[in-house]
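Index from 1, following the sequence. These numbers come from the heavy atoms of this one structure, side chains and all, not from hydrogens, waters or symmetry mates.
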Amino acid sequence: MTALQDLGETLVGLSDGELAKIPIDDTRLLEVIEQARNIRSHSAKRRHLQYLGKLMRAVDPQPIEAALASLHQSRRAEADAFKALEGWRDRLLQEGDTAVEALMAHFPHADRQQLRQLLRQHQREQARAQAPAAARKLFRYLRELAEAAED
């Protein structure tokens with residue numbers, strides 16, 4: 001019973017787009033989830049989550065748990081891809097041209113001139129103690145490269 005209440009609490013914490021991906025056929029359950037999102041009082045929310053757990057008893061939790069696991073895996077994949085891009089950016093900023101060559105091997109469609117230009121701009125910004133605008137531009141460019149490689 002507590003596991004079903006925890007599952008319901010997890011559903012309340014999802015965004016609208018994420019909740020739409022979860023296979024919930026019971027409209028009453030969806031209404032209660034929406035209501036729980038709007039409750040600000042701690043005790044009222046606790047009681048509402050208990051009610052949600054009660055409603056969850058009538059629903060098969062397996063498809064919901066499977067959809068949540070899939071959602072968690074996709075979030076994890078996005079986070080891993082983000083960290084990989086951050087790693088490339090940091091490597092490019094530290095190593096310079098040698099890292100550009102490695103990146104070109106990984107993303108052959110990358111523009112070498114644009115990469116070097118962003119690196120030089122970053123060096124100038126560091127010398128002048130300016131905000132790291134070039135590093136942000138470099139990250140955006142790396143994200144574009146990764147998205148193009150996925151397509």
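- Taking 4.5 Å as the limit, some side-chain heavy atom of Leu19 sits within range of a side-chain heavy atom of Ile24.
- Atom CG of Leu85 is separated from atom CG of Asp80 by 11.0 Å, given to the nearest 0.5 angstrom.
- Here Asp97 contributes atom CG and Leu119 contributes atom CG; the two are 7.0 Å apart, rounded to the nearest 0.5 Å.
- Separating the CG atom in Leu115 from the CD atom in Gln113 is a distance of 10.5 Å, to the nearest 0.5 Å.
- With Thr10 contributing its side chain and Asp6 its backbone, the two residues share a donor-acceptor pair below 3.5 Å.
- Considering every non-hydrogen atom in both Leu52 and Gly8, the closest pair reads CD2-O, 3.3 Å.
- The line from CG of Leu4 to CG of Leu55 is 11.0 Å long, rounded to the nearest 0.5 Å.
- For Glu34 and Arg37, the salt-bridge test passes: some basic side-chain N is under 4.0 Å from an acidic carboxylate O.
- Cluster annotation: Leu7 and Ile39 are assigned to distinct hydrophobic clusters (Ile/Leu/Val/Met/Phe/Trp/Tyr, side-chain heavy-atom contacts under 4.5 Å, transitive).
- A 6.0 Å sphere centred on CZ of Arg28 holds more than 12 heavy atoms belonging to other residues, nucleotides or ligands.
- Under the 4.0 Å criterion applied to side-chain N and carboxylate O atoms, Lys83 and Glu86 are not assigned as salt-bridge partners.
- Rounding to the nearest 0.5 angstrom, the gap separating the OG atom in Ser74 from the NZ atom in Lys21 is 6.0 Å.
- Looking at Ile64 and Met56, their side chains come closer than 4.5 Å, going by heavy atoms from C-beta outward.
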- Evaluation steps, side chain to side chain contact (heavy atoms under 4.5 Å, CB included), between Arg143 and Arg140: CA-CA 5 Å; Arg143 190 171 25 195; Arg140 279 191 294 261; 3.8 Å; yes

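- Residues Glu9 and Lys45 are not paired through a salt bridge, judged by the lack of any N-O separation under 4.0 Å between the basic side chain and the carboxylate.
- Not one N or O on the side chain of Gln50 forms a donor-acceptor pair closer than 3.5 Å with the backbone of Gln5.
- Between the side chain of Glu18 and the backbone N or O of Ser15, at least one donor-acceptor pair lies under 3.5 Å.
- Paired with Leu118 under the rule side chain to side chain contact (heavy atoms under 4.5 Å, CB included), one option of Leu142, Leu138, Asp111, Val100 passes, and it is Leu138.
- Applying the 6.0 Å contact sphere to CD of Gln62 captures more than 12 heavy atoms from other residues, nucleotides or ligands.
- Taking both residues in full, the closest heavy atoms of His122 and Ala135 are given as ND1-CB, 4.1 Å, listed atom of the first, atom of the second, then distance.
- Pairing each heavy atom of Pro23 with each of Pro63, the nearest pair is CG-O, 3.8 Å.
- Between Glu101 and Arg116, at least one side-chain nitrogen of the basic residue sits less than 4.0 Å from a carboxylate oxygen of the acidic one, meeting the salt-bridge criterion.
- For the pair Ala36 and His48, the tightest heavy-atom approach, listed with the atom from each and the gap, is CB-CD2, 3.5 Å.
- Here Leu11 contributes atom CG and Leu30 contributes atom CG; the two are 9.0 Å apart, rounded to the nearest 0.5 Å.
- Across every non-hydrogen atom of Ala99 and Trp88, the tightest pair is O-CZ3, 4.1 Å.
- Lys137 is listed as a side-chain neighbour of Gln121, based on a closest heavy-atom distance under 4.5 Å.
- Heavy-atom minimum distance, His109 versus Leu145: NE2-O, 3.5 Å.
- Aromatic pair Phe139/Phe82: ring centres closer than 6.0 Å.
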